[in-house]
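Okay, so here's the structure we're looking at.
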Amino acid sequence: MTTEKPEPVNVHAGELRQARRNFLVALEPVRPAVYRYCRRLTGTVWDAEDLLQETLVKGLAEASQRHEPIRNVQAWLIRIATNTWLDSLRRSGRISVQDFSEPGADLPDGDAADPLTSLAVESALGHVLLVLPPRERVCVVLKDVFSYSLAEIAEMLDTTTGAVKSALHRGRGTLAAAQAGLSVSDDDDSAAGSGTNATPPAGHPELLRRLADAFNSYDIDAMVSLFLTGGRTEVIGNVSETGHEEIRTGSMTHTFGPDAAELYRASVHSYDGEDVILLWERPKDSPDTPEVVADVVRLSCAHGEPLIAELRLYFFCPEVLAEVAGGLGLPFKTNGVSYF
């Protein structure tokens with residue numbers, strides 16, 4: 001019996017990329033607020049960007065299947081981000097995330113007054129928010145940082161206003177204790193999304209500096225040689241490449257090849273306990289123009305080998321560029337959200 005081969009599927013990649021670009025550009029007005037929300041949940045710039053990117057991917061899929069228009073885009077994306085973050089915590093197995101529907105979750109109207117109603121949470125406490133268990137953190141950030149109403153938060157989280165009020169009450173109480181310098185429960189939930197960076201593998205600083213040297217000498221062969229055979233680059237939210245040939249002919253040639261319109265210089269900096277490369281840019285046809293930071297580059301080392309397993313470039317991540325370069329007091333530029 002002969003099995004006929006299926007006809008190849010004709011996927012128009014250009015059309016898909018254009019649809020995706022249109023989606024990202026349409027969301028640009030609300031993107032900073034959604035990033036800021038992700039930042040408050042996760043605690044690090046890198047985890048926040050990962051959560052934002054996953055939120056955008058899910059949002060595009062969901063939007064393509066909706067019949068009715070999305071009336072509050074920011075609230076819709078925040079809801080996706082919240083569920084994505086809570087699901088990742090559940091999957092990790094490090095913590096148990098209490099469901100809003102569990103018995104005892106509701107706090108009826110008229111109960112004891114909130115202990116922290118007047119606190120400007122975001123400006124006053126910053127990273128102290130990370131002591132909160134996941135659902136309390138979500139409610140405190142949505143109410144006290146983004147000023148959503150109890151009803152709006154309940155709708156985002158598929159729960160009751162009483163459950164939101166209860167989580168908010170407990171979260172504010174925990175923050176009040178932290179602000180007063182009292183001990184806060186040190187259970188697993190408190191560490192969720194704390195953003196503590198793992199110690200980089202041995203050889204990470206040296207490998208990063210070798211890559212920066214290759215960038216500065218415009219030696220594409222040397223750049224590629226620092227990768228595993230199956231190494232990967234990702235221009236976050238836009239393009240990924242696997243293997244030496246794709247890396248060579250893709251991002252490395254695009255950035256450092258003879259046809260590039262800009263000149264780049266690499267420098268190594270420490271940010272939030274991690275060494276990263278900053279790429280400084282100026283126009284090739286205007287060498288006297290002051291250079292500015294245009295990209296942030298991170299790498300992951302291969303286990304047991306002094307080679308790059310993955311390179312992550314944040315060129316199209318305006319919030320990351322602003323936070324990292326701005327936090328270091330350096331001039332920077334942002335580049336929109338998409339190549340295409």
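The residues of the chain are indexed from 1 along the displayed sequence. Worth saying up front: this structure is predicted, and the values here are computed from it rather than measured.
Separating the CG atom in Leu211 from the CG atom in Asp219 is a distance of 11.0 Å, to the nearest 0.5 Å. Rounding to the nearest 0.5 angstrom, the gap separating the CD atom in Gln18 from the CG atom in Asn22 is 4.5 Å. Rounding to the nearest 0.5 Å places CD1 of Ile153 at 9.5 Å from OG of Ser147. To the nearest 0.5 Å, atom CG of residue Leu41 and atom CD1 of residue Ile78 are 9.0 Å apart. With rounding to the nearest 0.5 angstrom, the CE atom of Met252 is 7.0 Å from the CE atom of Met223. Note that the CZ atom of Phe332 and the CG atom of Asp295 stand 13.5 Å from one another [nearest 0.5 Å].
The main-chain N or O of Leu16 is never found under 3.5 Å from a side-chain atom of Arg20 such that the two would form a donor-acceptor pair. Using a distance-only test at 3.5 Å, with no hydrogens or angles considered, a donor-acceptor pair links the side chain of Thr253 to the main chain of Arg248. Proximity of a side-chain donor or acceptor of Thr289 to a complementary backbone N or O of Ser286 within less than 3.5 Å is detected. Between the side chain of Lys284 and the backbone N or O of Ala260 there is at least one donor-acceptor pair closer than 3.5 Å. In this structure, Lys58 contributes its side chain and Ala81 its backbone to no donor-acceptor pair below 3.5 Å.
The pair Arg66-Glu62 meets the salt-bridge criterion, with a side-chain N (NZ, NE, NH1 or NH2) lying under 4.0 Å from an Asp/Glu carboxylate O.
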Stepwise, does the side-chain contact (heavy atoms from CB on, under 4.5 Å) test hold for Thr82 with Tyr37? CA-CA 9 Å; Thr82 301; Tyr37 176 71; 2.5 Å; yes

Evaluate the side-chain contact (heavy atoms from CB on, under 4.5 Å) criterion for residues Glu310 and Leu228: first the C-alpha distance (whole Å), next the side-chain angles of each, then the deciding distance (0.1 Å), finally the verdict. CA-CA 9 Å; Glu310 183 177 47; Leu228 283 172; over 6 Å; no

When you look at Arg17 and Tyr339, which way does the side chain to side chain donor-acceptor pair (under 3.5 Å) test go after all the steps? CA-CA 9 Å; Arg17 284 196 294 265; Tyr339 274 124; over 6 Å; no

Residues Asp87, Arg90; criterion salt bridge (Lys or Arg N to Asp or Glu O under 4.0 Å); working and verdict: CA-CA 5 Å; Asp87 286 346; Arg90 292 187 183 100; 3.1 Å; yes

Please assess Trp76 against Val34 for the test side-chain contact (heavy atoms from CB on, under 4.5 Å), listing each intermediate value before the final yes or no. CA-CA 10 Å; Trp76 170 67; Val34 179; over 6 Å; no

Leu330 vs His269, test: side-chain contact (heavy atoms from CB on, under 4.5 Å). Steps then yes/no. CA-CA 11 Å; Leu330 302 174; His269 298 259; 4.0 Å; yes

Please lay out, stage by stage, how Arg282 and Asp288 fare under the test salt bridge (Lys or Arg N to Asp or Glu O under 4.0 Å). CA-CA 8 Å; Arg282 57 187 169 89; Asp288 295 329; over 6 Å; no

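Ser64 and Ala61 make their closest contact through OG-O, 2.7 Å (heavy atoms, listed as atom of the first residue, atom of the second, distance). What you find for Gly231 and Ile247 is that their closest heavy atoms are O-CD1, 3.6 Å. Scanning both residues, Ser240 and Glu246, for their nearest heavy atoms gives O-OE1, 4.4 Å. Taking every heavy atom of both residues into account, Thr242 and Gly230 meet most closely at CG2-O, 3.8 Å. Contact record, Leu207 with Cys301: CD2-SG, 3.9 Å, taken as the closest heavy-atom pair. Between Phe23 and Ala63 the shortest heavy-atom distance is CE1-CB, 4.1 Å.
Ring-centre distance between Phe315 and His254: not below the 6.0 Å cut-off.
For the pair Leu263/Tyr218, a side-chain contact is recorded, criterion being any heavy-atom separation below 4.5 Å from C-beta on. Annotation: side chain of Arg312 is not in contact with side chain of Trp46 (no heavy-atom distance under 4.5 Å). Between Arg79 and Asp158 the shortest side-chain heavy-atom distance falls below 4.5 Å. In this structure, the side chains of Glu136 and Thr174 stay at 4.5 Å or more apart for every pair of heavy atoms. Side-chain atoms of Tyr314 and Leu321, non-hydrogen and from C-beta on, never get closer than 4.5 Å to each other. By the 4.5 Å heavy-atom criterion applied to side chains, Ile308 and Thr233 are not counted as neighbours. Annotation: side chain of Val164 is not in contact with side chain of Lys143 (no heavy-atom distance under 4.5 Å). Using a 4.5 Å heavy-atom threshold, the side chains of Ser251 and Glu241 count as touching.
Taking hydrophobic clusters as Ile, Leu, Val, Met, Phe, Trp and Tyr residues chained together by side-chain heavy-atom distances below 4.5 Å, Val235 shares a cluster with Ile220. In this structure, Leu226 is a member of the same hydrophobic cluster as Leu299, with clusters built from ILVMFWY side-chain heavy atoms closer than 4.5 Å. Side-chain heavy atoms closer than 4.5 Å link hydrophobic residues (I, L, V, M, F, W, Y) into clusters, and following such links, possibly through other members, connects Val145 to Leu132. Note on Val57 and Ile236: separate hydrophobic clusters, where clusters join Ile, Leu, Val, Met, Phe, Trp and Tyr whose side-chain heavy atoms are under 4.5 Å apart, directly or indirectly. Residues Leu86 and Leu168 are members of one and the same hydrophobic cluster, defined by side-chain heavy-atom contacts under 4.5 angstrom among Ile, Leu, Val, Met, Phe, Trp and Tyr.
For Arg71, the CZ atom counts as loosely surrounded, since its 6.0 Å shell holds 12 or fewer non-hydrogen atoms of other residues, nucleotides or ligands.
Partner Gln74 forms a side chain to side chain contact (heavy atoms under 4.5 Å, CB included) with one of Asn72, Ile70, Leu77 and no other, that one being Asn72. Shown are Glu49, Arg40, Glu323; of these, the side chain to side chain donor-acceptor pair (under 3.5 Å) with Tyr35 is made only by Glu323.
Using modelled atom types, one finds a donor on one side chain and an acceptor on the other under 3.5 Å when comparing Ser166 with Arg170. Residues Trp85 and Thr42 have side chains that never bring a donor and an acceptor to within less than 3.5 angstrom of each other. Residues Glu155 and Tyr148 have side chains that never bring a donor and an acceptor to within less than 3.5 angstrom of each other.
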